Student: 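Structure provided below as structure tokens; questions to follow.
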2 protein chains.
Amino acid sequence: MARRPASSLRKSPTQDRAKHTVDAILRASAHILRTQGYEACTTNAVAKKAGVSIGSLYQYFPSKEALVTALAQAHADRGYALLVDWVREAGEKALSLEDTVRGYIRAMVALHGVDPALHRVLTEQVPRIGAGVKLVRQLSQRSAAMVRAWLESQASHFRADLDLDLATYMLVTSVEAVIFMVVLEAPKSLQGDRLVDEVSELVLRYLGVRRR
Amino acid sequence: MARRPASSLRKSPTQDRAKHTVDAILRASAHILRTQGYEACTTNAVAKKAGVSIGSLYQYFPSKEALVTALAQAHADRGYALLVDWVREAGEKALSLEDTVRGYIRAMVALHGVDPALHRVLTEQVPRIGAGVKLVRQLSQRSAAMVRAWLESQASHFRADLDLDLATYMLVTSVEAVIFMVVLEAPKSLQGDRLVDEVSELVLRYLGVRRR
DNA sequence: GTAAAATATGAGCAAATGCTCAGGTTGTAA
DNA sequence: TTACAACCTGAGCATTTGCTCATATTTTAC
């Protein structure tokens, strides 16, 4: 069962036919991960679900780890794009502090809401994979940097004793975690805008923003 | 490879010799989980590490899942005991709101600090195991109930518009998540009492506690 | 049309995994 | 001492896994 090391695409598909194959493989693995978890996501199962032979799978993905990593990469890219959107929006329209925070939370909720089950499996399993550690660290550093920059630009509106580095860490972590949990468990008390409201409250109060 | 369903101990050890065997097995599996993760924690590997034959392992644990579940149970029990201690302490000595919160956070930090790597693996893998789902739900419900009861008893000191159910959820989730993350990543900016301070700040501000 | 390149196939290998069972060893109690 | 129970052993079975490779089919380029 000698496992090969993880890496990116082995061969890049040029013909349409091949692109469809790669797409089917990615879709199938996402579906299995989401519905049956990481252990059930065997290369043979993925190939079967994708309606493709295992040989084809290994023509494009050098290992099972590479497959999962590719999926995680795509997922992470989507997430980062949402963050970038938030920054742009907060910059263009001159939003209030409250609205900017709410926009951020809303973007995060949307991100997690897209495919919570897949998100869970990826966040749990990817860090254990060699190439995955780098990926996770990269994404969290990027988003932390964006939040940190925004905090800095608005520092005058926060409580005086706020440590920006600490605050960045606290906010990124707790916001991510609460939303992650809520979206997975979906308690009825936190549906619709209630979640956005409550997390915003947590953030604004922690920052010491004076309102009204 | 037909997997057996998970359940508790198959046979309870009565002689000292047998108790040592069970103990060695539990220690070995904890060590492998902690250092090499769930997948590496095979029954054969555990038996070898424990200096015991696989046969002996299966005499006490009917399946791999049962083994991990037993470990998680012990871990959860330790955690719950810390919570109970906190409640007792907060009741006996008439602690201030601030000190009670700090005590809670401190207990949580201590809990996660004991064996962070094992805690991570357990929290990630146990929910996927049949018997594990129940275990996890039970523990989180218990701790939520304690926090909720305390919030209720102190409600007059919080902001008027605080929804106790929501607050319970938000606090349990975010506190757990932040501490979990911090203990794993151990950023130098959040060492010693800094973590306890900062999380307490988050909680107290969210609750709307007026101080000084 | 034809040759080369790109793509697809799937039987099957080597290694691993969860677990059993037939038989051995150690403790206990009379 | 003897007899029985508690305990331990480990070779190995049935199955699964990640993955290869020789071969077949399709597309592209001329």
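All figures in this text were calculated on a predicted structure; none of them were measured in a lab. Quick note on labels: first sequence line is chain A, next is B, and so on, each numbered from 1.
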Student: Would you mind reading off the distance between Ile32(B) atom CD1 and dT17(C) atom C1', rounded to a whole angstrom?
Tutor: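 Spelled out: CD1 on Ile32(B) to C1' on dT17(C) is 14 Å.
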Student: How close or far is atom C1' of dT16(D) from atom CD of Glu39(B), stated in whole angstroms?
Tutor: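 Rounded to the whole Å, the gap is 13 Å.
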Student: Nearest to the Gln15(A) side chain among dT17(D), dG18(C), dT28(D), which nucleotide is it?
Tutor: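 Closest of the options to the side chain of Gln15(A): dT28(D).
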Student: Taking atom P of dG18(D) as reference, at what distance in whole Å does atom CD1 of Ile129(A) sit?
Tutor: 12 Å
Student: Which nucleotide in the set dA11(D), dC19(D), dT7(C) lies at the smallest distance from any side-chain heavy atom of Thr43(A)?
Tutor: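 Within the option list, the nearest is dC19(D).
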Student: If you check the Ser53(B) side chain, which of dT9(D), dA8(C), dT9(C) turns out closest?
Tutor: dT9(D)
Student: Just by modelled atom types, is the Ala90(A) backbone N or O under 3.5 Å from a matching donor or acceptor in the Trp150(A) side chain?
Tutor: no
Student: Tell me which of Asn44(A) and Ser56(A) sits closer to the 5' end of DNA chain C, going by the nucleotide each one is nearest to.
Tutor: Ser56(A)
Student: Can you tell me how far apart CZ (Arg205(B)) and OG (Ser200(B)) are? Round to the nearest 0.5 Å.
Tutor: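 The distance works out to 12.5 Å.
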Student: Starting at atom CD of Gln59(A), determine the distance to atom P of dA22(D), rounded to an integer number of angstrom.
Tutor: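 So the two atoms are 14 Å apart, to the nearest Å.
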Student: Tell me the interatomic distance from Ile25(B), atom CD1, to dG18(C), atom P, rounded to whole angstroms.
Tutor: 14 Å
Student: Round to the nearest Å and state the distance from Lys64(A) atom NZ to dT17(D) atom P.
Tutor: 8 Å
Student: Is there a donor-acceptor contact under 3.5 Å linking the side chains of Glu198(B) and Tyr206(A)?
Tutor: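 Their side chains do contain a donor-acceptor pair, which is all the 3.5 Å distance test asks for.
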Student: What's the separation between atom OG1 in Thr35(B) and atom NZ in Lys49(B), rounded to the nearest 0.5 Å?
Tutor: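 One gets 7.0 Å once the value is rounded to the nearest 0.5 Å.
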Student: For Leu57(A) and dT17(D), give me the distance from atom CG to atom P, rounded to whole Å.
Tutor: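 Answer to the nearest Å: 14 Å.
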Student: Which of the following nucleotides, dT26(C), dC19(D), dC19(C), is nearest to the side chain of Tyr58(A)?
Tutor: dC19(D)
Student: Looking at Ser63(A), I'd like to know whether one of its side-chain N or O atoms comes within less than 4.0 Å of OP1 or OP2 on dG18(D).
Tutor: no
Student: Let me know the distance between CZ of Arg17(B) and C1' of dC7(D), rounded to the nearest Å.
Tutor: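 Going from CZ in Arg17(B) over to C1' in dC7(D) covers 4 Å.
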Student: Taking only side-chain nitrogens and oxygens of Thr42(A), does any of them come within less than 4.0 Å of OP1 or OP2 of dT16(D)?
Tutor: no
Student: Between Ile54(A) and Ala18(B), which is nearer to the 5' end of DNA chain D once each is assigned its nearest nucleotide?
Tutor: Ala18(B)
Student: Charged N to carboxylate O below 4.0 Å: is that the case for Arg27(B) and Asp23(B)?
Tutor: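 Yes, charged N to carboxylate O under 4.0 Å.
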